[in-house]
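Data first, discussion second: the structure below is written as structure tokens.
Heavy-atom basis, side chains included; hydrogens, waters and symmetry copies ignored. Not measured: the values here are computed from a predicted model.
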Amino acid sequence: MVLWGGRFTNAINQNFKKFNSSLSFDYILAEHDIVGSIAWSKALATVNILNKDEQEIIEKALHEILNEIHLYPNKILDSEEEDIHSWIENRLISRVGILGKKIHTGRSRNDQVTTDLKLWCKSQIHLILDAIHRFQNSLVLAAEINQHVIMPGYTHLQHAQPITFAHWCLAYFEMLIRDQKRLNDTLSRLQISPLGCGALAGTAYDIDRDQLAKSLGFSSASGNSLDTVSDRDYVLELLSNAAIGMIHLSRFAEDLIFFNTEEAAFIELSDQVTSGSSLMPQKKNPDSLELIRGKCGRVQGALMSMMVTMKGLPLSYNKDMQEDKEGLFDATNTWINCIDISTLIMDTLKVKINRCEEVVTRGYSNATELADYLVKKGMTFRESHTIVGKIILEAIKDNTKLQEMSLAKMQKFSCLIDKDVYSILELDSCIKKRNAKGGVSFEQISFAIKQAKKHLDVYHK
Ligand code: ARG
């Protein structure tokens, strides 16, 4: 039964009824709607709309409805109600009779729906933060195990300078810290309760809204009812958190897809996260990573879609805003799933240490060391850059590595080069030199791992 039949004389068109309904997706809010309704019933008791016994009957019935939902989740979807708010109110009325018809006093679905959605966002953010924490744990573990594994670092997908596998792991750890901070920031703005704003102009009952807010775990009540029922900034924020978080995961996925190719072969993905080809027996495809990379698209889409939905909407509530849910639910669930699969991938991959080192010695990624060496001997960097470029050209022509070039040959380019050059061209030396904060040196990485572990511990406190 709809909540608004009185002023209508003709029946709703059946196609429009389906079009108008949000129950098939907002059933997700059932638990939060019940929690909100219980809090509202208590507020109604403070203004004598409900007496103590009536409030208790309503609260008990709402708890029973929640149990019913847990036991028979499909019951909601089998119904033809317009939305979850109507479903719960009508279930209440069928349980407690006419008394149930008092629950909506002074309340509107406009303040109700945004209260439910904010409560849902808050609990969803905690789930995302938990997932991020698990992923960070796995990255730190991999960093710790692979602290001394040297591999090529890339810019433009060309060998640039040597890095360690640990440095790569910790790069994603840092991105995840920013994701956490953004989520916590969003969470801080989710502490304002909409309940008691009515349809748009506030409730006509003398309810202590701050008290009501606290009873629902918010820190205070909102300041302007018109804004409150129109505000979906928190949806946009959470979606943009998800969009950025998924961009991080898609880059993680792309890196590993490349590392796993026959050409790079720096890692081997486990059988647990790969699939075969129906035709080519030799194939072991990185489907898990490709799906993470691919699913990034729908999350960016959800953000764009909601931005465009909100643009130019007049105050206050408009039904356009019912479109806030599906994209949000899908985007945050996708994000959590992708974080969890990323964790599994990290936990099960094998780093091919010898191969990493073999490849890194091939690509002239120690060329900067030679330029720095000449700087130390008194040359300007710009000059040394040009000279080393020429040496590299010669090495390419001779098909040799820098560290294998004869001293006499190098000296043809600069008499400043001496036999001490060979030690600086060694991989270990390239790594150790980058010892300023944030660099790839073994010392810095071991410090970064300690910091990362501290960060992980703080989460539990
Ligand atoms: N299903 C609606 C939504 O999700 C609930 C609010 C309905 N309010 C209204 N005035 N029709 O936005």
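- Between the OG1 atom of Thr332 and the CG atom of Leu239 there is a distance of 8.0 Å, given to the nearest 0.5 Å.
- A 6.0 Å sphere centred on CD of Glu56 holds more than 12 heavy atoms belonging to other residues, nucleotides or ligands.
- Heavy-atom neighbours of Lys433 NZ from other residues, nucleotides or ligands within 6.0 Å: above the threshold of 12.
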**Request:** Could you please spell out the steps behind the salt bridge (Lys or Arg N to Asp or Glu O under 4.0 Å) verdict for Arg355 and Glu268?
**Result:** CA-CA 11 Å; Arg355 168 72 185 169; Glu268 187 182 341; over 6 Å; no

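- Of the options Phe266, Phe259, Phe173, a ring-ring contact (aromatic ring centres under 6.0 Å, His included) to Trp168 is made by Phe259 and by none of the others.
- A cation-pi geometry, defined here as NZ or CZ lying under 6.0 Å from the six-membered ring centre and within 45° of its normal, holds between Lys122 and Phe218.
- Here the side chain of Ser79 pairs no donor or acceptor atom with the backbone of Lys75 at under 3.5 angstrom.
- Heavy-atom minimum distance, Ala264 versus Thr261: N-OG1, 3.1 Å.
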What donor-acceptor contacts under 3.5 angstrom involve side-chain atoms of residues 149-163, with partners at least two apart or in another chain?
from	atom 1	to	atom 2	distance (Å)
Gln161	NE2	Thr368	OG1	3.1

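- Arg251 and His248 are not linked by any side-chain donor-acceptor pair at a separation below 3.5 angstrom, with hydrogens and angles left out of the test.
- A 6.0 Å sphere centred on OH of Tyr72 holds no more than 12 heavy atoms belonging to other residues, nucleotides or ligands.
- Heavy-atom contacts from other residues, nucleotides or ligands closer than 6.0 Å to NZ of Lys319 number more than 12.
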Would you give me the side-chain donor-acceptor pairs under 3.5 Å for residues 311-318, sequence neighbours excluded?
from	atom 1	to	atom 2	distance (Å)
Asn318	ND2	Pro314	O	2.7
Asn318	ND2	Ser316	O	2.9

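- A 6.0 Å sphere centred on CD1 of Ile98 holds no more than 12 heavy atoms belonging to other residues, nucleotides or ligands.
- Residue Glu358 places its CD atom among more than 12 non-hydrogen atoms of other residues, nucleotides or ligands, all under 6.0 Å distant.
- When all heavy atoms of Leu44 and Thr105 are compared, the pair lying nearest together is CD2-O, 3.5 Å.
- Listed here is the closest heavy atom pair of Lys325 and Phe25: CB-CD1, 3.9 Å.
- A donor-acceptor contact closer than 3.5 angstrom is absent between the side chains of Thr334 and Asn337.
- Using a 4.0 Å cut-off between charged nitrogen and carboxylate oxygen, Arg109 and Glu89 do not count as a salt-bridge pair.
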For residues 197-208, which side-chain N or O atoms pair as donor and acceptor with protein atoms under 3.5 Å away, sequence neighbours left out?
from	atom 1	to	atom 2	distance (Å)
Thr203	OG1	Gly106	O	2.8
Asp208	OD1	Asp210	N	3.2
Asp208	OD1	Gln211	N	3.1

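- Each salt bridge (charged side-chain N to carboxylate O under 4.0 Å, His left out) pair with one or both residues in residues 230-245, not counting sequence neighbours, appears once here: Arg189-Glu237, Arg232-Asp324.
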**Item:** Stepwise side-chain contact (heavy atoms from CB on, under 4.5 Å) check, Ile88 with Ile103
**Value:** CA-CA 11 Å; Ile88 288 170; Ile103 188 67; over 6 Å; no

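- In this structure, Cys430 and Arg434 approach most closely via the heavy-atom pair O-NH1, 3.1 Å.
- In this structure the side chain of Lys118 never reaches within 4.5 angstrom of the side chain of Ser193, judged on heavy atoms.
- A side-chain hydrogen bond (donor to acceptor under 3.5 Å, both in side chains) with Ser138 is found for exactly one of Asp347, Thr343, Thr348, namely Asp347.
- Counting non-hydrogen atoms of neighbouring residues, nucleotides and ligands closer than 6.0 angstrom, the NZ atom of Lys181 reaches no more than 12 such neighbours.
- Taking a cutoff of 4.0 Å between a charged side-chain nitrogen and a carboxylate oxygen, Arg182 and Asp179 qualify as a salt bridge.
- Judged purely by distance below 3.5 Å, without hydrogens or angles, the side chains of Lys284 and Asn260 never pair a donor atom with an acceptor atom.
- Note on residues 325-346: pairs passing ring-ring contact (aromatic ring centres under 6.0 Å, His included), not counting sequence neighbours, are Trp120-Phe329.
- Between Thr309 and Glu323, the side chains place no donor N or O within less than 3.5 Å of an acceptor N or O (distance only, hydrogens not considered).
- Under the ring-ring contact (aromatic ring centres under 6.0 Å, His included) criterion, Phe442 pairs with His148, sequence neighbours left out.
- The two residues Ile345 and Ser288 make their nearest non-hydrogen contact at CD1-OG, 3.4 Å.
- For the pair Lys450 and Lys453, the minimum side-chain heavy-atom distance is 4.5 Å or more.
- Smallest separation of non-hydrogen atoms from His167 and Gly439: CE1-O, 3.6 Å.
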